[in-house]
**Q** 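What follows is a structure written as structure tokens; I'll ask about it next.
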Amino acid sequence: MTTILIVYGSTTGNTETVASMLEKQLAAKGLKITCKNVTDTPVDELKSYGLLLLGCSTWGEDEIELQDDFIPFYEALDTTVLKGRKIAVFGCGDSSYTYFCGAVDAIEDKVKASGGKLLIEGLKVDGEPGDARKEILDWADELAAAL
Ligand SMILES: Cc1cc2nc3c(=O)[nH]c(=O)nc-3n(C[C@H](O)[C@H](O)[C@H](O)COP(=O)(O)O)c2cc1C
């Protein structure tokens, strides 16, 4: 069975909430899943899992900034961990900003450049996760179907 690791970086808890919703939805399908804060996850640990779900919110005003905790993790991501690995990306943002969920795009770009395999299009949550419940659970279902 594919082992799944969710790693998230979250400042005010929104992306953490999405990570937890995804974890529950995927676990309910009998999938083996681990969910961790990026602050507790050395990059090398990614090699132990078949599917990675990378979650990061977007900050900054005139340019894309990844969530603070996620920045060193993002910088350490390279072909040794990403090449050939199945990955999907999610994150929270606010569509009133120029780069809505730009962190999701930045991580997806790095995955593609490093030979990772994006299983489905990234999930971009606008505003409160509770208001996007259906979108989040549908994304988890789409992901499970793509495995
Ligand atoms: C100063 C500031 C800058 C932000 N910049 C962006 C941005 O460029 N793009 C975006 O989509 N959201 C932006 N946001 C919205 C946050 O990403 C959003 O509040 C998100 O839910 C935070 O998720 P987190 O609690 O998981 O960190 C910004 C919020 C603040 C307060």
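As a basis for the values below, the full set of heavy atoms in this structure was taken, side chains included, without hydrogen atoms, waters or symmetry mates. Ligands are counted one by one from 1 in listed order, and the atoms in each one are counted from 1 as well.
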**Q** List the steps and the verdict of side chain to side chain contact (heavy atoms under 4.5 Å, CB included) for Leu46 and Phe73.
**A** CA-CA 11 Å; Leu46 306 190; Phe73 181 85; 3.8 Å; yes
**Q** Can you list everything that forms a ring pair (Phe, Tyr, Trp, His ring centres under 6.0 Å) with Tyr74? Sequence neighbours excluded, please.
**A** none
**Q** Applying a heavy-atom distance cut-off of 4.0 Å, which protein residues contact ligand 1?
**A** Ser10, Thr11, Thr12, Gly13, Asn14, Thr15, Ser57, Thr58, Trp59, Gly60, Glu61, Cys92, Gly93, Asp94, Tyr97, Tyr99, Phe100, Cys101
**Q** Just by distance, no angles: are the side chains of Thr11 and Gln67 close enough, under 3.5 Å, to form a donor-acceptor pair?
**A** yes
**Q** When you measure from the side chain of Thr3 to the backbone of Gly50, do you find a donor-acceptor pair of N or O atoms at a distance under 3.5 Å?
**A** yes
**Q** Check the hydrophobic clustering (I, L, V, M, F, W, Y; side-chain heavy atoms under 4.5 Å; chains of links allowed) and say if Leu52 and Leu66 are grouped together.
**A**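 As far as the 4.5 Å side-chain criterion goes, Leu66 and Leu52 are connected within one cluster.
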**Q** Would Asp141 and Gln25 count as having a side-chain donor-acceptor pair, cut-off 3.5 Å?
**A**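 Yes.
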